[in-house]
Amino acid sequence: MINTGLALVLLGVSLLTIDNVSAYVDSFNEENQNKAVIKETIEKDYEGFIISLKYYKEEIPNIYGFYSEYYEDLAEKEMIYSTIMKGIEEKLENTISKTSNLKLYCAHNFYESNILKKCQLYSENYGLMVESFIKLIVDYNERVEKYNNWANEHNKKALEKYTSLIYNNYIV
């Protein structure tokens with residue numbers, strides 16, 4: 001009777017152990033599959049981010065081409081500046097929405113150097129993109145403020161400062 005009871009207990013413990021090991025292996029496999037999907041998403045979204053970054057880096061110098069020391073030039077080029085800034089802003093907003101997975105998934109702990117590097121470069125360049133956009137707006141708005149002071153003295157029409165949702169979220 002004791003041998004039968006002991007055998008049943010051992011069988012029960014063995015089945016529980018097998019079940020736990022099986023659950024652990026399944027969990028491990030599922031986690032690896034999830035990581036593979038996340039890595040694939042990071043790689044795909046990073047390529048899109050690089051395309052946006054190249055466009056952004058090409059457009060930024062165009063803005064500085066419209067800066068002038070003369071106030072009259074600023075008034076004449078206001079529409080051109082606004083059009084270029086809106087294009088950059090749209091591209092930046094598009095980049096922000098398309099890279100939301102990068103932002104989310106790069107928060108995971110990855111030990112593969114290529115994924116770590118992509119996440120690090122994304123984080124650094126994303127921050128630089130937003131900061132440079134904000135700086136463009138701040139620089140332009142300072143010029144507009146100086147122009148408006150001059151325009152007030154010379155009975156000229158005042159210009160409006162440039163603003164955007166990204167700028168407002170960053171400044172506030």
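Numbering starts at 1 and runs along the sequence shown.
- The residues K135 and D139 are annotated as salt-bridged, a charged nitrogen and a carboxylate oxygen being separated by less than 4.0 angstrom.
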* To do: Show your reasoning for whether side chain to side chain contact (heavy atoms under 4.5 Å, CB included) applies to M85 and F133.
  => CA-CA 9 Å; M85 283 300 289; F133 180 71; 3.4 Å; yes
* To do: Would you please test T95 and M129 for side chain to side chain contact (heavy atoms under 4.5 Å, CB included) and show each step?
  => CA-CA 10 Å; T95 300; M129 285 173 74; 4.1 Å; yes
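- Using a 4.5 Å heavy-atom cutoff, the side chains of L102 and K118 are not in contact.
- In terms of heavy-atom proximity, L159 sits nearest to N148 at N-OD1, 2.7 Å.
- Note that CD1 of I115 and OH of Y46 are 10.5 Å apart. Values are rounded to the nearest 0.5 Å.
- For the pair T83 (side chain) and M79 (backbone), a donor-acceptor distance under 3.5 Å is present.
- Grouping the Ile, Leu, Val, Met, Phe, Trp and Tyr side chains by contacts below 4.5 angstrom, directly or via other members, places F49 apart from L128.
- L136 and Y55 fall into different hydrophobic clusters, where Ile, Leu, Val, Met, Phe, Trp and Tyr are joined by side-chain heavy atoms under 4.5 Å apart, directly or via other members.
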* **side chain to side chain contact (heavy atoms under 4.5 Å, CB included) evaluation trace for E40 with K44** => CA-CA 6 Å; E40 187 177 305; K44 180 180 143 238; 5.7 Å; no
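- In this structure, the side chain of N125 engages the main chain of L121 through a donor-acceptor pair within 3.5 Å.
- Between atom NZ of residue K91 and atom CD1 of residue I51 there is a gap of 8.0 Å, rounded to the nearest 0.5 Å.
- The CG atom of D45 sits 12.0 Å away from the CD1 atom of I50 when rounded to the nearest 0.5 Å.
- Minimum interatomic distance between Y147 and K156 (heavy atoms only, all atoms of both residues): OH-CB, 3.9 Å.
- Taking CG from L92 and OG from S164, the interatomic distance works out to 8.0 Å, rounded to the nearest 0.5 Å.
- Distance NZ/K54 to CD/E58: 8.5 Å, rounded to 0.5 Å.
- The minimum heavy-atom distance linking N141 with Y162 is given by the pair OD1-N, 2.7 Å.
- Residues K86 and S82 have side chains that bring a donor and an acceptor to within less than 3.5 angstrom of each other.
- Note: Y81 and Y140 have parallel aromatic rings, judged against thresholds of 30 and 60 degrees for the angle between ring planes.
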* Intermediate values then yes/no, side chain to side chain contact (heavy atoms under 4.5 Å, CB included), K98 and S52 -> CA-CA 10 Å; K98 285 185 175 181; S52 295; 5.9 Å; no
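- To the nearest 0.5 Å, the span separating CZ on R143 from NZ on K146 amounts to 7.5 Å.
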